[in-house]
Amino acid sequence: MKWNQIPLGPLQTNCYVMEKAEKCVIVDPGGEGNKLIQYIQTKKWQPIAILLTHAHFDHIGAVDVIRDYYQIPVYLHEKEAKWLVDAGLNGSQSFTPGHPIKIKPADQMITNEFDLVLGEFHFTVLETPGHSPGSVSYYLRDEGMIFSGDVLFQQSVGRTDLRGGNEQQLLTSIHEKLLVLPEDTIVLPGHGPITNISDEMNQNPFLHGF
């Protein structure tokens with residue numbers, strides 16, 4: 001599988017595009033939809049789905065541009081279903097005044113943890129709330145990698161002072177859902193560089209003593 005990390009949007013949120021057999025899945029298209037389309041066209045890939053780790057404004061800005069262009073479904077946890085259409089809930093009303101982000105509803109609602117098969121891609125969807133109520137992480141067991149959104153970063157963790165955030169819940173999600181994965185699992189976060197489970201277990205100052 002090929003994949004690329006593409007920082008997009010006002011906060012340079014990491015969008016990921018992964019490809020197998022010329023089909024691709026997009027995780028968190030945070031903005032600059034035309035730039036992302038141009039990249040995909042250059043590669044001659046065919047998108048088949050958009051996966052959202054959560055619905056904060058900096059992760060959803062290009063959703064409709066990509067969805068409408070390629071006519072593909074968007075996946076999001078049901079706890080944040082209303083966030084796409086509400087600039088107050090997704091944070092754009094506060095963080096980007098005058099530029100509210102309102103996205104059409106998701107096509108597929110995630111209601112629990114399950115195995116998601118999209119063409120050649122086999123994900124395990126893990127519920128990892130704490131940064132936001134509907135945060136999920138997408139685990140590719142065969143590839144040894146997980147898209148953690150804003151839950152776990154290199155030597156940091158997601159903020160919990162936004163709507164629906166909960167510090168204890170976040171740490172529990174990390175401990176019970178992420179740190180139990182094989183230590184060589186690559187972590188692809190919503191911001192910043194990639195990392196791995198081993199390094200975060202041993203070096204992440206926010207996790208020591210938990």
Side-chain angles (χ1 to χ4, degrees), residues 1-78 80-81 83-85 90 92 101-111 113-128 132 134-151 186-194:
M1 186 185 77
K2 299 177 182 177
W3 63 271
N4 197 23
Q5 179 192 77
I6 310 171
L8 297 172
L11 300 186
Q12 290 294 276
T13 302
N14 289 333
C15 171
Y16 295 95
V17 182
M18 64 202 98
E19 178 268 345
K20 278 187 178 181
E22 299 185 350
K23 305 291 185 181
C24 70
V25 173
I26 301 163
V27 177
D28 289 351
E32 302 176 83
N34 291 331
K35 176 181 176 180
L36 183 55
I37 290 172
Q38 185 177 28
Y39 170 79
I40 294 169
Q41 288 180 325
T42 299
K43 296 292 186 179
K44 298 182 179 180
W45 295 343
Q46 179 61 45
I48 58 175
I50 297 170
L51 305 182
L52 298 178
T53 60
H54 63 295
H56 280 147
F57 75 97
D58 58 313
H59 290 252
I60 65 173
V63 165
D64 277 349
V65 174
I66 302 301
R67 169 169 45 187
D68 292 348
Y69 189 87
Y70 290 107
Q71 294 296 298
I72 55 177
V74 173
Y75 289 75
L76 174 70
H77 198 283
E78 65 174 355
E80 296 179 17
W83 291 32
L84 295 182
V85 300
N90 66 46
S92 59
I101 293 176
K102 297 182 180 181
I103 305 297
K104 291 180 291 187
D107 304 284
Q108 300 291 334
M109 289 298 174
I110 296 168
T111 60
E113 296 186 340
F114 71 110
D115 291 328
L116 173 62
V117 179
L118 298 169
E120 297 293 319
F121 301 92
H122 296 249
F123 299 92
T124 298
V125 181
L126 302 175
E127 293 180 299
T128 50
S132 67
S135 286
V136 298
S137 298
Y138 298 95
Y139 178 42
L140 286 158
R141 185 182 306 275
D142 292 343
E143 306 291 343
M145 57 199 298
I146 187 164
F147 299 91
S148 64
D150 286 359
V151 174
I186 298 170
V187 178
L188 298 103
H191 301 272
I194 66 171

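Fair warning: this is a prediction, and the values are worked out from it, not measured in the lab.
- Shown here are the ring-ring contact (aromatic ring centres under 6.0 Å, His included) partners of Y139, two or more places apart in sequence or in another chain: there are none.
- Residues passing the side chain to side chain contact (heavy atoms under 4.5 Å, CB included) test with Y69, sequence neighbours excluded: I37, Q41.
- Between H122 and L140, the shortest heavy-atom contact is O-CD2, 3.3 Å.
- Partners of N90 according to the side chain to side chain donor-acceptor pair (under 3.5 Å) rule, which considers only residues two or more places apart in sequence or in another chain, are S92.
- Under the rule for a side chain to side chain contact (heavy atoms under 4.5 Å, CB included), the partners of T111 that lie at least two apart in sequence or sit in another chain are E78.
- At a cut-off of 3.5 Å, with distance as the only test, no side-chain donor of H54 or D28 sits close to an acceptor on the other residue.
- When the ring-ring contact (aromatic ring centres under 6.0 Å, His included) test is applied to Y138, no partner is found at least two apart in sequence or on another chain.
- To the nearest 0.5 Å, atoms OG1 (T13) and CD (Q5) are separated by 11.0 Å.
- T124 and E113 share no donor-acceptor pair across their side chains, judged by distance under 3.5 Å alone.
- Using a 3.5 Å distance cut-off with no hydrogens or angles, the side chains of S148 and S137 do not pair a donor with an acceptor.
- Q108 and Y75 share no side-chain donor-acceptor pair at under 3.5 Å.
- Residues meeting the side chain to side chain contact (heavy atoms under 4.5 Å, CB included) test with K102, sequence neighbours left out: A87.
- Rounding to the nearest 0.5 Å places NE2 of H56 at 9.5 Å from OG1 of T53.
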Apply the test side-chain contact (heavy atoms from CB on, under 4.5 Å) to residues I103 and R67: give CA-CA distance (whole Å), side-chain angles for both, the deciding distance (0.1 Å), then the verdict.
CA-CA 10 Å; I103 305 297; R67 169 169 45 187; 3.6 Å; yes
